[in-house]
Amino acid sequence: MIERILLATGNAGKAAELARLLGCPVLPIEGWDPPIEDGSSFHDNARIKALAGAAQSPGEWVVADDSGIEVDALNGAPGVLSARFGGDGLDDAGRTAALLAAVADAEDRSARFRCVLVAIGPDGREHSADGTLEGRLAVAPRGANGFGYDPILIPAGLTRTCGELSADEKNAISHRGAAARALRDTLGL
Ligand code: IMP
């Protein structure tokens with residue numbers, strides 16, 4: 001029986017969102033000291049954060065997540081570099097513009113959001129789960145909801161971008177929701 005899980009983040013909002021998705025209490029780690037995320041995959045980076053969280057919170061269940069967007073025409077980039085694509089000085093609007101410019105001449109506009117969750121138990125055993133939201137890149141940003149690349153990803157089977165979906169509509173199909181449901185099953189929550 002898992003009574004509570006600590007999320008390797010200092011962000012209480014992220015912990016509250018994961019608590020809703022997992023159906024179990026999730027708290028941010030107090031005094032969270034983030035490690036350098038230098039892995040080459042979402043799993044690597046989630047694991048780096050989960051291991052750091054476990055080291056900072058002995059005896060606890062710890063979960064960490066990593067997520068981003070993969071674009072087929074860019075061979076899977078920006079991937080783990082999603083938060084920094086186009087350079088450090090850009091905001092979300094600048095980053096989406098940079099990504100659209102990078103695929104301006106590409107015929108293949110397929111892309112996906114991915115999320116990997118890594119959980120480590122008090123016994124040190126690791127568990128992981130992942131989720132994907134398949135879609136294609138819009139020609140121009142649309143919608144003011146969500147964050148990051150939401151205004152330019154159109155989920156498969158839809159005509160609206162994630163930025164035009166309500167929070168409930170996006171949660172029902174999102175990579176983060178799918179990863180959380182998979183982890184809930186793996187951990188028997
Ligand atoms: P992180 O996992 O919070 O570090 O997110 C990495 C980056 O991926 C974010 O800064 C966003 O740019 C992008 N990203 C991850 N998930 C989403 C999403 O659900 N919508 C839009 N962008 C996302």
Side-chain angles (χ1 to χ4, degrees), residues 7-18 20-21 26 28-29 32 34-50 52-53 62-71 74 76-103 109-119 128-138 140-156 158 160-183:
L7 181 63
T9 180
N11 184 329
K14 274 195 166 189
E17 185 197 20
L18 189 63
R20 245 187 338 268
L21 292 170
V26 179
I29 293 179
W32 169 237
I36 293 169
E37 295 174 39
D38 56 0
S40 55
S41 67
F42 297 120
H43 184 269
D44 282 352
N45 280 342
R47 184 167 183 269
I48 287 168
K49 286 182 270 192
V62 172
V63 175
D65 78 319
D66 201 49
S67 62
I69 188 169
E70 293 177 344
V71 177
L74 303 177
V80 291
L81 301 177
S82 295
R84 281 168 278 164
F85 186 74
D88 278 335
L90 295 181
D91 58 7
D92 279 348
R95 251 177 254 298
T96 53
L99 192 55
L100 289 183
V103 295
R109 303 197 60 93
S110 48
R112 67 201 56 76
F113 286 142
R114 287 192 55 212
C115 174
V116 176
L117 292 168
V118 171
S128 70
D130 61 85
T132 301
L133 175 56
E134 288 288 344
R136 63 189 192 284
L137 293 177
R142 279 190 273 127
N145 298 336
F147 71 102
Y149 299 96
D150 278 339
I152 63 168
L153 189 85
I154 304 170
L158 300 187
R160 286 177 295 163
T161 68
C162 288
E164 295 174 305
L165 301 181
S166 69
D168 282 348
E169 285 175 315
K170 186 179 164 200
N171 282 340
I173 58 171
S174 83
H175 50 311
R176 208 166 280 106
R181 282 189 291 277
L183 188 68

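Side chains included, hydrogens not; waters and symmetry mates left out as well; all remaining heavy atoms used. Because the structure is a prediction, the values reported are computed rather than measured. Here, residue 1 is the first one in the sequence, and each next residue gets the next number. Ligands are counted one by one from 1 in listed order, and the atoms in each one are counted from 1 as well.
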Hey, are the side chains of His175 and Arg112 touching, using non-hydrogen atoms and a 4.5 Å cut-off? no
Please tell me if the side chains of Leu158 and Leu165 come closer than 4.5 Å, counting only heavy atoms from C-beta onward. yes
Protein neighbours of ligand 1 with a heavy atom under 4.0 Å, given by chain and number, are Lys14, Asp66, Ser67, Gly68, Ser82, Ala83, Phe113, Phe147, Gly148, Tyr149, Asp150, Lys170, His175, Arg176
Could you tell me whether a side-chain N or O of Arg95 sits under 3.5 Å from a main-chain N or O of Ala83, the two making a donor and an acceptor? yes
In this structure, which one of Asp130, Leu183, Asp44 forms a side chain to side chain contact (heavy atoms under 4.5 Å, CB included) with Val116? Asp130
CZ of Arg47 to CG of Asp66, rounded to nearest 0.5 Å, is 14.0 Å
Roughly how far, to the nearest 0.5 Å, is the CZ atom of Arg160 from the CG atom of Asn145? 9.5 Å
